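From a predicted model like this one, the values you see are computed outputs, not experimental measurements. Sequence lines set the chain letters: A, B, ... in the order given, protein chains first and strands last, and positions in each chain run from 1.
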2 protein chains.
Amino acid sequence: MNKPERLRATDVAYSSIRQGLAAGRWPAGSHLRETELAAELGISRTPVREALRKLASEQLVQFEPHLGARVPGWSDRDLEEIFALRVELESFAAGRAALHASPGQVAVLRQLAQDIEHAAFGGAEPDYVRITELNNRFHRLIVAAAGNRRLDSLIATLIDIPLVVRTFARFDRQAMARSVSHHFDLVEAIAGGNADWAVAVMRAHIHAGRQVMLGTPAGGSAGQAD
Amino acid sequence: MNKPERLRATDVAYSSIRQGLAAGRWPAGSHLRETELAAELGISRTPVREALRKLASEQLVQFEPHLGARVPGWSDRDLEEIFALRVELESFAAGRAALHASPGQVAVLRQLAQDIEHAAFGGAEPDYVRITELNNRFHRLIVAAAGNRRLDSLIATLIDIPLVVRTFARFDRQAMARSVSHHFDLVEAIAGGNADWAVAVMRAHIHAGRQVMLGTPAGGSAGQAD
DNA sequence: TGGGACTATGATGTATACAATGCCTTCCGC
DNA sequence: GCGGAAGGCATTGTATACATCATAGTCCCA
């Protein structure tokens with residue numbers, strides 16, 4: 001019955017390297033050598049190469065001809081650019097989700113919001129790993145509920161990247177509480193079909209996240225994403 | 001100083017296939033066989049394969065494991081999704097460009113707007129190929145002037161795709177004239193550093209383009225929150 | 001005659017060998 | 001001692017051989 005679910009070496013390499021990147025396994029600027037990775041994973045260079053090219057297309061590694069893949073360093077400017085795009089794309093997604101989300105999706109969103117709250121405040125210490133994963137699912141579900149299939153691939157990498165270098169551990173108790181309440185606001189706005197509300201909340205939510213991650217004010221002339 | 005710029009087989013394959021797609025060489029649903037393309041281009045499967053994967057990451061071909069690459073059919077829904085994203089991303093870009101564009105960039109934009117006008121109305125017949133290319137450069141330059149490097153890669157594929165299946169030949173004389181005037185509006189808004197104006201013009205410009213390409217009113221789901 | 005399994009075929013997935021490129025060291029000349 | 005050029009070495013780019021999978025056609029059996 002249960003077929004071996006043979007997975008391709010390319011996928012193994014891709015998820016393995018991606019996970020390593022997310023875990024900060026290689027310092028910024030590291031040279032990811034195809035031979036090394038292949039040997040480590042017990043496969044040949046070919047699938048490793050494909051995985052690296054795919055990661056490069058998502059800008060998770062930098063690629064230069066004849067030089068190979070390097071781990072990019074995430075500057076404040078990079079993060080500013082990413083947050084600026086997230087403000088636009090995710091607020092758009094939230095607005096569309098308010099119009100198109102199914103009752104089932106809304107129910108899952110509400111459950112996720114509750115789970116995030118529990119992971120943040122249910123124990124003595126926030127479970128940052130779980131928060132990250134749940135938050136990720138929450139945002140991705142809103143994007144999915146927007147019903148614009150192309151939006152998924154555009155946003156996918158933008159959501160993950162900031163958390164590679166800046167984690168939820170940067171959120172103090174108050175910032176975390178505000179973030180949690182944003183999620184409940186979003187659920188209500190989407191459940192009520194109020195696109196304008198959903199857009200506004202999401203814009204505010206991403207801006208707040210940016211503030212925590214980057215610290216500097218976004219409005220000033222100096223810290224702008226440009 | 002100008003080095004021979006040796007081009008890799010991968011790049012040859014990529015641009016060749018991409019060009020073929022843009023020219024409508026293969027009908028929607030066609031199976032792009034690696035062996036065939038390799039033989040035709042006089043290279044091996046390896047670089048062809050890499051090129052196809054890259055095109056797949058841009059969603060210019062569809063990829064399924066063990067089945068290979070297929071030419072996607074562009075449904076009205078696809079185009080709707082693309083235009084919806086262009087409205088968001090390019091208007092954002094226009095606003096940023098108004099704040100950050102250099103005088104040189106503004107000058108080039110103005111020249112491009114004039115060139116487009118000339119290509120459209122300078123001769124007996126509009127030069128659609130030239131219009132397409134100039135229009136492309138105009139929009140890309142605005143994106144570049146926005147100063148958000150990540151925006152480039154996000155928008156790149158969105159600008160090209162609609163023109164694969166729907167060309168400027170769909171613009172009648174009046175629609176073309178309006179499009180041309182939008183371009184001049186954009187130049188003025190950006191030259192004057194008026195971000196709000198630039199955003200508004202670009203939103204209107206993309207919506208107008210959508211109307212020509214798709215014909216149907218953008219109502220219903222598109223009545224989204226802005 | 002219909003249906004299911006098997007096999008033939010051709011495609012993609014992977015491994016490996018070879019070519020080309022870039023970098024670094026070393027050696028020569030000054 | 002310094003500068004530059006040449007060559008070796010490590011790495012990526014490409015080609016090719018082999019493995020695996022999907023599909024279609026055929027044959028056998030009920």
Side-chain angles (χ1 to χ4, degrees), chain A residues 1-21 25-73, chain B residues 1-21 25-73:
Chain A
M1 286 290 180
N2 214 359
K3 81 161 60 172
E5 186 63 29
R6 172 160 187 79
L7 34 97
R8 299 175 305 164
T10 299
D11 300 328
V12 173
Y14 173 78
S15 47
S16 172
I17 298 169
R18 197 181 207 280
Q19 194 171 351
L21 289 169
R25 177 179 163 189
W26 302 282
S30 299
H31 192 172
L32 295 181
R33 272 168 273 264
E34 297 173 358
T35 310
E36 280 184 16
L37 294 168
E40 178 188 330
L41 295 168
I43 57 181
S44 80
R45 272 180 56 211
T46 308
V48 169
R49 195 176 162 77
E50 266 191 23
L52 286 174
R53 302 306 270 250
K54 186 173 181 184
L55 290 165
S57 77
E58 299 172 1
Q59 300 190 307
L60 286 169
V61 302
Q62 287 175 334
F63 222 91
E64 274 186 289
H66 294 288
L67 298 179
R70 302 191 85 85
V71 178
Chain B
M1 44 172 77
N2 217 359
K3 76 163 66 171
E5 189 65 29
R6 171 164 187 76
L7 36 96
R8 298 174 303 164
T10 299
D11 300 327
V12 173
Y14 173 79
S15 47
S16 172
I17 298 170
R18 196 181 208 281
Q19 195 171 350
L21 289 168
R25 177 179 164 191
W26 302 281
S30 298
H31 192 171
L32 295 182
R33 273 169 270 265
E34 297 172 357
T35 310
E36 281 183 17
L37 294 169
E40 177 188 329
L41 294 168
I43 57 181
S44 79
R45 273 180 56 212
T46 308
V48 170
R49 196 177 163 75
E50 267 191 21
L52 285 174
R53 301 307 268 251
K54 187 172 181 185
L55 290 165
S57 77
E58 300 171 0
Q59 300 190 308
L60 286 170
V61 303
Q62 288 176 332
F63 221 91
E64 274 185 289
H66 295 287
L67 297 180
R70 302 191 86 86
V71 179

Fill in the blank from the handout: Winner on side-chain proximity to Thr46(B), out of dT14(C), dT16(D), dT21(C), is dT16(D)

Problem - Separation of dC9(D) P from Arg33(A) CZ (nearest whole Å) - result: 17 Å

Problem - Distance below 4.0 Å between His66(A) side-chain N/O and dA10(D) OP1 or OP2 - result: no

Handout entry: Protein-nucleotide distance (Arg70(A), atom CZ; dT12(D), atom P), rounded to Å
Key = 10 Å

Handout entry: Phosphate OP1/OP2 of dA10(D) contacted by His31(A) side-chain N/O (<4.0 Å)
Key = no

Practice task
May I ask you to verify if any side-chain N or O of Arg49(A) is less than 4.0 angstrom from the OP1 or OP2 atom of dA15(C)?
Solution key: no

Exercise for the section: Could you check which of dG13(C), dA17(C), dA15(C) has an atom nearest any side-chain atom of Arg45(A)? Expected result: dA17(C)

Handout entry: dT14(D) phosphate, OP1 or OP2, under 4.0 Å from Arg8(B) side-chain N/O
Key = no

Fill in the blank from the handout: Between CD of Gln62(B) and P of dT12(C) the distance, given in whole Å, is 15 Å

Practice task
Identify whether any heavy atom of Leu32(A) sits under 4.0 Å from a base atom; if not, whether one sits that close to sugar-phosphate; answer base, sugar-phosphate or nothing.
Solution key: sugar-phosphate

Handout entry: Rounded distance (Å) that lies between atom P of dG13(C) and atom CD of Glu50(B)
Key = 14 Å

Exercise for the section: Go through dA15(D), dT23(D), dT21(C) for me and flag the one nearest to the Leu67(B) side chain. Expected result: dT23(D)

Problem - Any donor-acceptor N/O pair, Ser16(B) side chain to Ala13(B) backbone, under 3.5 Å - result: no

Practice task
Measure the shortest side-chain to side-chain distance between Arg53(A) and Arg53(B) over non-hydrogen atoms and say whether it is less than 4.5 angstrom.
Solution key: no

Problem - Flag side-chain contact, heavy atom, 4.5 Å: Val12(B) against Ile43(B) - result: no

Handout entry: For atom CG of Leu52(B) and atom C1' of dA11(C), their distance in whole Å
Key = 13 Å

Handout entry: Any Thr10(B) side-chain N or O less than 4.0 Å from OP1/OP2 of dG13(D)
Key = no

Exercise for the section: Flag the pair Glu50(A) and Arg49(B) as a salt bridge only when some basic side-chain nitrogen lies within less than 4.0 angstrom of an acidic carboxylate oxygen. Expected result: yes

Completion exercise
From CD of Glu64(B) across to P of dA11(C) the rounded distance in Å is 17 Å

Practice task
Mind calculating the distance between OH (Tyr14(A)) and P (dT14(C)) to the nearest angstrom?
Solution key: 16 Å

Problem - Sugar-phosphate only, base, or nothing, as touched by Glu34(B) at under 4.0 Å among non-hydrogen atoms - result: sugar-phosphate

Exercise for the section: For the residue pair Val61(A) and Leu32(A), establish whether any side-chain heavy-atom pair is separated by less than 4.5 Å. Expected result: yes

Practice task
Indicate whether OP1 or OP2 belonging to dA15(D) is found under 4.0 Å from a side-chain N or O atom of Ser44(B).
Solution key: yes

Practice task
Please report, rounded to the nearest Å, how far the P atom of dT11(D) is from the CZ atom of Phe63(A).
Solution key: 14 Å

